[in-house]
Amino acid sequence: MNDETVSSSVPLPLPVREIVTPAAAADILEKTRLHGCNPRKLDTSHARRLARDMCNGSWNDYNPDVLSLCSHGAAIQGQHRLEAVIISKTPRSFLVVRDLPHQAATTMDCGKARSAATALSLVGVERHRKDISSTVRLLRLYDTERKKVAWPAWRSVIYTNAEIVRFFQSDYLDLPDFLPLMTALKSGLYSAPAASLACVYLVHRDGGSASQAHDFFQGLISGAHLDTADPRWVVRRYFQNPARPRRGNTVSPLQLGLLLKTWNLWASDGAWETAYFRPNERMPEVVRAGSARRLTEVQQESAGPASIKTPLSPPRTARKVRVPDQNTNTAQVRS
């Protein structure tokens, strides 16, 4: 890499739109490696995410980010896009600047990165954009990864802003309709926004009964006149425990699993002694209201082969009491 001194009177090269083929991208990256003109380490995971956008139609060739090449023909900026062209095996159009001095790299990438919430604002989402973007990611993981891997592994899955927008428009366009109920659940239960909105959405989408969903969430939010064996009473004790996990990239999936297990037990007249959601459990499938037989299958599926013979919790009693001591919480997640 050369250390050029560039006079302010020298005109900067102008960008020209060019079609970059996979072969041309490979040649530029090879020059970058040989001359050491870009000290940044290539992040192949990020390049694969960009390649996904290029393959599924989410990539916009009118992206104004410039592909910056130095006098060696090496990439000062844009190596991840070039790697994505190679991975996707598709030619792409870029604005290309050639013969750029190396000193220009000192002020590159100084702008603040755009978030998925900002991307959603461009397609008409006006409120709770951050919560909606997080929920879209959580719902996408639920719909595609639930039967493949345990929920703690979801934290390694990253979607691009373009993918979040595409998922929202194709699968979850009605998500904003559930924001009022999400707000009430978050306030009454102290649950994470993404877990609250995802639970509300999934129960209404897959639960099979809007009236029972209304009754379930009313009791879960208020906690008034709940039976002590009611799973909603038990899970409220967990959420009101000051020692419960509150931060980290597994909190939303953990809380979503607890809330869905609560719905499944309540809808099938089951009981719960302690609220828990183990790391080796699969994310629960939402049981349709009144489907006790299906609940048995789901619990056995979540528990795994070693726990299939474990009997289910007995049906809850009809004893109703007020709950003056719900702030005294001993429920915990067992690992």
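Heads up: numbering here begins at 1 and tracks the sequence. These numbers come from a predicted model, not from an experiment. Reckoned from all heavy atoms, side chains included, excluding hydrogens, waters and symmetry mates.
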Arg81: which residues meet the salt bridge (charged side-chain N to carboxylate O under 4.0 Å, His left out) condition with it, sequence neighbours left out?
none
Establish whether Ile19 and Leu29 are linked, either directly or via other cluster members, by ILVMFWY side-chain heavy-atom contacts under 4.5 Å.
no
Tell me whether Arg49 is salt-bridged to Asp53, with the criterion being a basic N under 4.0 Å from an acidic carboxylate O.
no
Should the pair Glu18-Arg98 be classified as a salt bridge under the 4.0 Å nitrogen-to-oxygen rule?
yes
Following the transitive rule for hydrophobic clusters with a side-chain heavy-atom cut-off under 4.5 Å over Ile, Leu, Val, Met, Phe, Trp and Tyr, establish whether Val165 and Val157 coincide in one cluster.
yes
Taking Asp171 first and then Arg140, would you say they form a salt bridge - that is, a charged N and a carboxylate O separated by under 4.0 Å?
yes
Starting at CZ of Arg92, measure out to CH2 of Trp59 and round the result to the nearest 0.5 Å.
8.5 Å
Can you check ring pair (Phe, Tyr, Trp, His ring centres under 6.0 Å) on Trp151 and Trp154, steps first, answer last?
CA-CA 5 Å; Trp151 58 270; Trp154 290 6; 8.0 Å; no
Strictly below 4.0 Å, N to O, side chains only: are Glu285 and Lys147 in salt-bridge contact?
no
Apart from Ile87 itself, residues in the same hydrophobic cluster as defined by side-chain heavy atoms under 4.5 Å:
none
Heavy-atom neighbours of Arg205 CZ exceed 12 at 6.0 Å
yes
Please work out which of the three classes, parallel, tilted or perpendicular, describes the rings of His204 and Phe217, given edges at 30° and 60°.
parallel
Would you call the rings of Phe216 and Trp266 parallel, tilted or perpendicular if under 30° counts as parallel and over 60° as perpendicular?
tilted
Closer than 3.5 angstrom, by distance alone: can the side chain of Thr118 be matched with the main-chain N or O of Arg114 as a donor-acceptor pair?
no
Do Arg236 and Phe239 form a cation-pi contact, if we require the NZ or CZ to be under 6.0 Å from the six-membered ring centre and within 45 degrees of the ring's axis?
no
Other residues, nucleotides, ligands: >12 heavy atoms within 6.0 Å of Arg127 CZ
no
